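Everything on this sheet refers to the single structure shown next.
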Amino acid sequence: MPELPEVETTRRGIAPHLVGHSVVSVTLRQAALRWPVPAELPALLQRRKLLAVNRRGKYLLLQFKHGHVLLHLGMSGNLRIVDVNQPAARHDHVDIRFNNNAVLRFTDPRRFGALLWTSEPPSRHDLLRHLGPEPLSDAFDGDYLFARSRKRKQAVKLLIMDSKIVVGVGNIYANESLYLSGIRPGRAAGRVSRASYHTLAADIKAVLAKAIKQGGTTLRDFVGGDGKPGYFKQQLRVYGRAGEPCQRCGKPLKEVRLGQRSTVYCSACQR
DNA sequence: CAGCGCCCCTGCCCGC
DNA sequence: TGCGGGCAGGGGCGCT
């Protein structure tokens with residue numbers, strides 16, 4: 001589920017229900033996520049007021065006066081606002097109940113997600129400290145990508161998926177933006193021109209911004225609880241379309257694996 | 001250090 | 001219908 005647009009959609013979906021309200025209780029049903037959920041979390045959050053819900057890359061940050069809950073959805077995680085009477089289902093690992101009777105429910109079948117506590121500024125936390133710029137910020141542009149890619153032999157697709165270079169570009173949007181930019185995913189990052197990186201940075205921004213906008217349209221559904229997106233699927237040009245004709249030239253799209261991830265491109269349009 | 005595989009885990013789909 | 005294999009939107013970690 002979670003590409004950056006969905007994490008941002010999640011943030012916008014949950015924040016209005018929770019910010020300004022205080023935690024009544026925390027129910028921990030399954031602590032074995034990517035890292036153990038701290039057993040002291042319930043005590044830490046008890047009676048504390050949630051000040052804000054922030055995002056850094058694909059991490060969500062629940063801000064309290066004395067620290068932050070650091071939350072990652074992994075591959076299969078999702079957060080929903082549910083009613084206090086909503087019974088927990090399989091894979092509903094954590095509930096945070098607030099004094100307005102809203103419950104923030106964390107569900108994650110594969111348990112690649114994370115839920116941690118930090119009392120230091122989140123930017124100094126080990127998991128966030130080395131993260132690159134936000135893709136939608138001014139710090140991320142073609143010149144930046146060009147500079148960071150010099151002398152690198154790694155495939156350009158892996159470069160843009162590296163969170164130390166730029167956060168939030170997942171497999172789907174890496175494929176999509178490289179297609180839009182006409183750049184072959186396997187090209188050595190150091191051999192892509194400055195001009196191409198300008199195009200690529202612009203396409204990454206455009207594709208993410210568009211998806212966030214569409215996430216907005218499913219906001220109500222999402223918070224309402226059935227939480228099944230899939231709204232962008234029909235707009236994807238290459239991801240999940242190996243063998244189908246390229247929408248630009250008609251040639252069948254190719255699929256290769258790069259860094260153990262499915263990579264789809266047009267061998268005619270992408271060079 | 002850059003770069004590459006491995007692996008955490010469940011669910012689902014496909015082919016036999 | 002059952003079962004094994006492969007794959008899935010992430011990303012930290014350990015090794016070369």
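Owing to the predicted nature of the structure, the values given are computational and were not obtained by experimental measurement. Chain letters run A, B, ... following the sequence lines, proteins first and then strands; every chain starts at 1.
- Secondary-structure stems of DNA chain C, taken as three or more successive Watson-Crick or G-U wobble pairs (i with j, i+1 with j-1) under a 3.5 Å distance threshold, comprise B:2-8 with C:10-16, B:10-16 with C:2-8.
- A:L258 has its CG atom 13 Å from the P atom of C:dG9, to the nearest Å.
- For the pair A:R55/A:L4, a side-chain contact is recorded, criterion being any heavy-atom separation below 4.5 Å from C-beta on.
- Using a 4.0 Å cut-off between a side-chain N of Lys or Arg and a carboxylate O of Asp or Glu, A:D95 and A:R97 do not qualify as a salt bridge.
- Between the CD1 atom of A:I172 and the P atom of C:dA8 there is a distance of 11 Å, given to the nearest Å.
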Could you run down nucleotides 2-9 of chain B 5' to 3' and tag each one B, S or - for protein heavy-atom contact under 4.0 Å? -SSBB-BB

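- Ring pair A:Y59/A:H72 is perpendicular by interplanar angle, where above 60° counts as perpendicular and below 30° as parallel.
- For the pair A:L71 CG and C:dG11 C1', the computed distance is 15 Å after rounding to whole Å.
- Nucleotide C:dG6 holds its P atom 15 Å from the CD atom of A:E255, rounded to whole Å.
- Within the 4.5 Å cutoff, the side chain of A:I81 has heavy atoms near those of the A:L104 side chain.
- Of the P atoms belonging to B:dG3 and C:dG9, the separation is 23 Å, rounded to the nearest Å.
- With contacts defined as side-chain heavy-atom distances shorter than 4.5 Å, the pair A:R184/A:S267 qualifies.
- Considering only side-chain N and O atoms, A:H91 lies under 4.0 angstrom from the phosphate OP1 or OP2 of B:dG11.
- Side-chain nitrogen and oxygen atoms of A:H72 include at least one within less than 4.0 Å of the OP1 or OP2 phosphate oxygen of C:dG11.
- Look at the P atom in both B:dC9 and C:dC3: the space between them is 23 Å, to the nearest Å.
- Using a 4.0 Å cut-off between charged nitrogen and carboxylate oxygen, A:K205 and A:D141 do not count as a salt-bridge pair.
- A heavy-atom distance below 4.5 Å is found between the side chains of A:L33 and A:F106.
- Taking the side chain as every heavy atom from C-beta outward, A:D162 and A:R152 approach each other to under 4.5 Å.
- Atom CZ of A:R129 and atom C1' of C:dG11 are 17 Å apart (whole Å).
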The test is side chain to side chain contact (heavy atoms under 4.5 Å, CB included); show your working for A:K153 and A:R191 and say whether it passes. CA-CA 8 Å; A:K153 294 176 181 162; A:R191 309 200 57 168; over 6 Å; no

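- Atom-to-atom, CG of A:N171 to C1' of C:dA8 comes out at 10 Å; the value is rounded to the nearest Å.
- Here the C1' atom of nucleotide C:dG10 and the CG atom of A:L73 are 10 Å apart, to the nearest Å.
- Between A:Q235 atom CD and C:dG9 atom C1' there is a gap of 16 Å when expressed in whole angstrom units.
- Contact of the A:I212 side chain with the A:L136 side chain is registered, since non-hydrogen atoms from C-beta on lie closer than 4.5 Å.
- OP1 or OP2 of C:dG12 sits under 4.0 Å from a side-chain N or O of A:Y59.
- OP1 or OP2 of C:dG9 lies within a sub-4.0 Å distance of a side-chain N or O belonging to A:Y239.
- Nucleic acid contact for A:L127: sugar-phosphate only, since backbone atoms but no base atoms lie under 4.0 Å from a heavy atom of the residue.
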